[in-house]
Protein chains: 2
Amino acid sequence: MQKKHHPPLSPSLEDYLEAAYTLSRTDGSARSWRIGAALKVSKPSVSGAIRALAARGLVLQEPYGAVRLSADGLRLGAEIAGRHALLKDFFVSILGLDPAEAENDACRAEHALSREALRRVQALALFLKTPARRATLAAARRAAGEAI
Amino acid sequence: MQKKHHPPLSPSLEDYLEAAYTLSRTDGSARSWRIGAALKVSKPSVSGAIRALAARGLVLQEPYGAVRLSADGLRLGAEIAGRHALLKDFFVSILGLDPAEAENDACRAEHALSREALRRVQALALFLKTPARRATLAAARRAAGEAI
DNA sequence: TGCTAAAGTTAGGTGAGACTAACTTATGCA
DNA sequence: TGCATAAGTTAGTCTCACCTAACTTTAGCA
């Protein structure tokens, strides 16, 4: 099996891989139409994206069958889903954003931030959530929620 | 002057407008080649983007001349540059990110976050920067800087 | 004052990522 | 068990955002 190098995944392909990963977790398998429904794109769009992910060895596709993630795909999918969860949690529990809006913001921001920035966001969230910081976090959330 | 509606600016066009705005501020005028240099794109790319911005009434272009922002363009440009500055400041002064990396992250994140999220990030930064919070901010930055 | 070099534009092409329409394969149930 | 419907694929098109090559305009200076 010859390895080719591919550029890092585009935001779009990250979304497809993340959806496939999440659906595999929740539903046991990732059917193409469910990915399309989750991402609100057409069937051919999913088909093309899966082919691109398969070319990178991230998913295995038996034609007309379910999408399965390779070991690499599982690792990357988990990482992307983790970035998403981390940001959503920060938006909700630190900034006090409405969960639906936090979800949208996380979807977009997860492709924009560097590993290091993400790590620091996570650390900040953890710091502010320590029990000793209860009052501070409450005040911060109050401050974030107020109009400026 | 007939107004057409246009969809909101794409991330790419926001970048061009932001660059034009910033150059106008620092250099007094925005020459096309400077925009291209700032964004690391070719002359024709700038030319095309300026045409698109002009079609939306955001910039005035006299052929072969400097790019000037309209009143709308100035407003939007200032807003976009503000988002950028706000995020960079958060990354540097709250998360303790290296300024060069903060710049890159801000460039990408400025297109990803909603108005509300941005507002709350700003409020959080303001909150943590109040003098009464000196020790907390220092501890937070220390926590963010440490490996997890 | 005219020529050259820098700046800007036009023309044409590429690749990503989306779409619709039409086709193929798989599935489930009468 | 065969056929209708659901799921997936193929083909072809569109737009966006970039590129190079070649052309035009502007401007500076000998």
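Proteins get letters first, then strands, A, B, ... in listed order; numbering begins at 1 in each.
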Just how far, in rounded Å, is [atom2] of [N] from [atom1] of [X]?
X: B:L39; N: D:dC19; atom1: CG; atom2: P; value: 10 Å
X: B:L9; N: D:dA17; atom1: CG; atom2: P; value: 10 Å
X: B:L13; N: D:dC18; atom1: CG; atom2: P; value: 8 Å
X: B:Q61; N: C:dG8; atom1: CD; atom2: C1'; value: 10 Å
X: A:I35; N: D:dT9; atom1: CD1; atom2: P; value: 10 Å
X: B:K40; N: D:dC19; atom1: NZ; atom2: C1'; value: 17 Å
X: B:K43; N: D:dA22; atom1: NZ; atom2: P; value: 13 Å
X: A:L53; N: D:dT9; atom1: CG; atom2: P; value: 13 Å

Test item: B:R120 and A:R141 side chains (from C-beta on) under 4.5 Å apart, heavy atoms:
no

Is any side-chain heavy atom of B:F90 closer than 4.5 Å to one of A:L124?
yes

Nearest-nucleotide wise, let me know which of A:P63 and A:S10 is further upstream toward the 5' end of DNA chain C.
A:S10

From the list [options], which nucleotide is the closest neighbour of the side chain of [X]?
X: A:S12; options: D:dA21, D:dA7, C:dG17; result: C:dG17
X: B:W33; options: C:dG8, D:dA7, C:dC19; result: C:dG8
X: B:P44; options: D:dC19, C:dA18, D:dA17; result: D:dC19
X: A:S42; options: C:dT20, D:dG8, D:dC19; result: C:dT20
X: B:Y64; options: D:dT10, C:dT9, C:dA18; result: C:dT9

Pull out every residue in residues 18-32 of chain A that has a heavy atom closer than 4.0 Å to any atom of DNA chain D, ordered by number, or say none.
A:R31, A:S32

Check for a donor-acceptor pair, side chain of B:R119 on one end and backbone N or O of A:A144 on the other, with a separation under 3.5 Å.
yes

Is the backbone N or O of A:V41 less than 3.5 Å from a side-chain atom of A:S45, with the two atoms forming a donor-acceptor pair by type?
no

Quick check on D:dT10: is either OP1 or OP2 less than 4.0 Å from any side-chain nitrogen or oxygen of A:R51?
yes

At under 4.0 Å, does any side-chain N or O of A:S47 touch on OP1 or OP2 of D:dT10?
no

Trace of the side-chain contact (heavy atoms from CB on, under 4.5 Å) decision for B:L137 with B:K129
CA-CA 7 Å; B:L137 176 54; B:K129 286 205 269 186; 4.1 Å; yes

Could you tell me which non-hydrogen atom of A:L69 sits nearest to which non-hydrogen atom of A:A20, and how far apart they are?
CD1-CB, 3.9 Å

Regarding B:S45, tell me which of base, sugar-phosphate or nothing describes its non-hydrogen contacts under 4.0 Å with the strands shown.
base

Above 12 or not: heavy atoms from other molecules or residues under 6.0 Å from CZ of B:R68?
no

